[in-house]
A.B. asks: 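This is the structure I want to talk about, given as structure tokens.
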Amino acid sequence: MSSLPLVALVGNPNAGKSALFNALTGARQKLGNYPGVTVERKAGRLSLSDGRPLELVDLPGTYSLNPTSPDEQVTRDVVLGKQHGERLPDALVVVVDASNLDNHLRFALELIALGLPTVVALNMVDLATRDGLELDANILSRELGVPVISTVAVRKRGLDHLRTELDALFDGSVKARPSAAPLGFDALRSEARRIARAAVVRETPSRRLTAAVDRVALHPVAGLLLLLALLFIMFQAVYAWSEAPIAMIEGLAEAASSAASDALPDGLLRSFLVDGVINGVGSVVVFLPQILILFFFILMLEATGYMVRAAFLMDGLMARVGLSGRAFIPLLSSFACAVPGIMATRTISDPKDRLTTILIAPLMTCSARLPVYAVIIGAFIPARNVGLGIGLQGLVLFCLYIAGIIGAMLVALVLRLTVTKGASGGFLMEMPKYQWPRPQDIVLGLWQRAIIFLKRAGTIIFASTVILWLLLSFPKAPEDSAVSQVNYSVAGRIANGLNVVLEPIGFNRDISLALIPAMAAREVAVSALATVYSLDADEDEAKLERSLGDRLKDNWPLPTALAFLAWFVFAPQCISTIAVTKRETNGWRWPLFMIGYLFALAYAAAGLTYWTATAAGL
Amino acid sequence: MRLTELPLRQPAYVDLIDWDALTASDGQRLREFGLCEGASVEALHHGGLLGRGPIACKVGRMTIAMRRNHAAAIIVRTGPADAA
């Protein structure tokens with residue numbers, strides 16, 4: 001463990017803590033977990049002006065030292081030095097929102113009373129000014145008895161000033177304060193109000209941007225239309241914006257693959273590199289642009305403050321299926337990946353509410369399903385315009401997402417009436433002011449996501465592809481055998497067995513084959529299919545000139561493709577989701593329940609789709 | 001009148017909060033949001049197409065969202081503030 005001096009960044013939610021943390025530490029961040037709890041630990045390096053390094057840790061936002069959820073508990077335990085696996089911070093940077101002093105100062109007073117060396121960052125001063133509020137940091141500093149620095153995360157001056165104050169804390173020129181006797185809630189509140197009033201120099205009523213935008217964004221009709229439009233644009237953009245970068249990655253993969261083919265003699269090594277590594281992993285990496293576009297939208301919705309508005313609009317619906325409006329946020333992040341989504345349910349205080357949210361989170365279409373959808377839609381759905389500039393492919397993708405959402409709502413309704421019966425959850429949230437996100441924060445977020453995805457491609461996806469290639473390549477079919485190599489191989493034999501169960505819902509052997517390694521990660525289904533068809537290609541068929549999509553089109557009837565899409569709306573297979581569910585629910589009971597109900601639904605949905613499509617003569 | 005009945009965008013003050021109607025953690029959260037007897041409050045938006053959604057209201061300088069069962073526990077009064 002590092003023994004650098006530790007500084008904790010602590011404050012209310014929506015005080016702009018994360019932006020400040022990013023501005024102070026830049027890309028030098030380390031994400032981890034506190035031992036024993038699933039609360040993310042975000043730490044980074046910061047240098048004092050003499051070059052001495054500090055470790056800065058960003059604690060979960062909370063309203064007081066009286067926690068109501070597991071992540072708030074971590075914040076309290078860290079600042080009290082009680083958190084297992086974390087040392088007592090050497091200093092605190094308390095972040096307060098300049099335009100919400102009454103409220104944020106109460107928590108700041110509670111923290112200052114702990115007696116640790118403290119600097120207060122009076123954050124988001126620009127937004128306060130926009131709201132017609134002028135504050136005097138010196139008065140605030142005098143009243144609080146600790147240094148107060150005006151900061152705007154985008155501006156360097158405040159940050160330098162903050163660093164200078166930290167210098168002073170660590171060179172011993174600041175005397176330690178004794179910890180004060182803790183005040184009661186009401187006393188803290190009136191003290192906070194008194195100080196806030198003293199610090200306000202001028203307050204002019206001004207037209208508030210947030211109020212104006214909210215008149216539309218929270219309107220029962222207009223707001224809902226806006227939300228649907230935003231989601232619709234998001235899914236259209238996933239296709240429209242990704243064409244060029246995808247073509248580029250495909251070009252690179254093709255170049256690598258033909259270079260390898262030219263350089264190596266025909267044989268196992270070449271087959272391994274071309275069929276296994278390049279085609280397999282390449283077929284998944286190609287979806288990086290689409291995943292980043294999706295994350296871009298989610299990060300933007302979060303950073304602008306719109307996400308809570310979306311939760312507000314959806315709360316009526318959530319209440320009807322027995323969920324908390326708060327559940328909307330973890331569920332929306334599950335569109336990126338169910339793992340952070342399930343972890344984000346920690347903010348839901350009611351246990352049954354939280355359990356229901358965890359159980360339906362995998363029904364939100366995660367980005368790992370995107371490669372599967374994209375390749376099938378690309379192959380089977382014509383790239384037609386259905387009018388108004390709406391592409392048919394984007395429309396089908398949108399419908400698949402909607403199918404997941406409707407499925408989730410129905411499942412929640414049933415669960416709340418049966419296994420997770422209990423009092424309905426509440427919805428009690430602060431609505432942050434709208435703000436324009438810092439481009440650096442968005443870029444940093446995308447960068448972290450890209451690294452995570454490429455690491456997966458390099459590890460889990462690579463390993464599953466290689467194992468599958470091995471299982472597909474051995475034992476070797478005899479030269480004169482009438483049985484194809486795939487059918488002759490170990491994997492083919494397993495798949496043929498599994499196919500007995502999956503054949504009634506229209507799945508062929510190749511799908512059965514792809515579903516096994518897709519347990520490791522859903523997108524592996526794509527690389528697995530790529531490997532199967534790459535190995536299975538006829539000798540005279542120019543292997544590299546045909547895309548996976550074209551090969552699928554030749555081999556699959558349309559009802560099979562549609563059934564495959566329907567399967568993946570529910571797609572139970574994903575080891576990471578199962579593991580995080582086990583960790584969050586403390587046992588095997590709920591993850592097993594989850595796998596069971598998801599498999600049943602996936603099977604039923606694929607079957608119904610296949611039978612309907614076949615009956616309709618597609 | 002209850003906060004649920006307060007017309008939109010009409011400034012009011014909290015008269016009384018029926019803390020017993022709230023769970024301990026919800027009550028604590030409302031307090032942390034600055035809701036207390038005497039606090040200024042203004043209903044801004046009613047969510048939900050059928051009027052059953054949550055209520056967004058301004059409390060001091062904060063905007064918070066709550067469900068109607070919470071809002072029903074908050075009794076408000078329009079007109080000038082008390083000296084308190």
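Chain letters run A, B, ... following the sequence lines, proteins first, then strands; residues in each count from 1. Quick caveat, the model's predicted, so the values are computed rather than measured.
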A.B. asks: Any side-chain to backbone donor/acceptor pair from Arg106(A) onto Glu32(B)? Under 3.5 Å, distance only.
C.D. replies: yes
A.B. asks: What's the separation between atom CG in Asp26(B) and atom CZ in Phe427(A), rounded to the nearest 0.5 Å?
C.D. replies: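 Separation between the atoms: 12.5 Å.
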A.B. asks: List the atom of Pro220(A), the atom of His46(B), and the distance in Å for their closest heavy-atom pair.
C.D. replies: CG-O, 3.7 Å
A.B. asks: Using a 4.5 angstrom heavy-atom cutoff, name the option from Thr210(A), Asp214(A), Leu317(A), Asp102(A) with the most pairs to chain B.
C.D. replies: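 Option with the greatest count: Asp214(A).
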A.B. asks: For Met431(A) versus Ala65(B), what's the shortest heavy-atom pair and its separation?
C.D. replies: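 Heavy atoms only, the tightest pair is CE-CB, 4.2 Å.
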A.B. asks: Considering only heavy atoms, which portion of Phe185(A) lies under 4.5 Å from any heavy atom of chain B: side chain, backbone, both, or neither?
C.D. replies: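 Interface part for Phe185(A): side chain.
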A.B. asks: My understanding is that only one of Asn66(A), Thr68(A), Leu428(A) makes a side-chain contact (heavy atoms from CB on, under 4.5 Å) with Ser25(B); could you say which?
C.D. replies: Thr68(A)
A.B. asks: Would you say Arg2(B) has more than 12 foreign heavy atoms packed within less than 6.0 Å of its CZ?
C.D. replies: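 Open: at most 12 neighbouring heavy atoms sit under 6.0 Å from CZ of Arg2(B).
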A.B. asks: Does the side chain of Pro54(B) come within less than 4.5 Å of Met429(A)'s, by heavy atoms?
C.D. replies: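 Sidechains of Pro54(B) and Met429(A): no contact.
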A.B. asks: Within the 4.5 Å heavy-atom criterion, are Asp97(A) and Arg61(B) side-chain neighbours or not?
C.D. replies: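 Asp97(A) vs Arg61(B): side chains apart.
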A.B. asks: Could you tell me if the side chain of Arg215(A) sits less than 4.5 Å from the side chain of Arg9(B), heavy atoms only?
C.D. replies: yes
A.B. asks: What part of His45(B) lies closer than 4.5 angstrom to a heavy atom of chain A: side chain, backbone, both or neither?
C.D. replies: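 Looking at His45(B), backbone and side chain both touch chain A.
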A.B. asks: Please find the pair of heavy atoms, one from Arg189(A) and one from Arg31(B), that lie closest to each other, and give the distance.
C.D. replies: NH1-O, 4.1 Å
A.B. asks: Return the option, out of Leu101(A), Leu218(A), Asn103(A), Leu313(A), with the maximum number of heavy-atom pairs under 4.5 Å with chain B.
C.D. replies: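 Option with the top pair count is Asn103(A).
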A.B. asks: Atom CZ in Arg29(B), atom OG in Ser64(A): separation rounded to 0.5 Å?
C.D. replies: 7.0 Å
A.B. asks: Could you go through the side chain to side chain contact (heavy atoms under 4.5 Å, CB included) check for Arg67(B) and Asp315(A) one step at a time?
C.D. replies: CA-CA 9 Å; Arg67(B) 278 195 179 158; Asp315(A) 184 62; 2.7 Å; yes
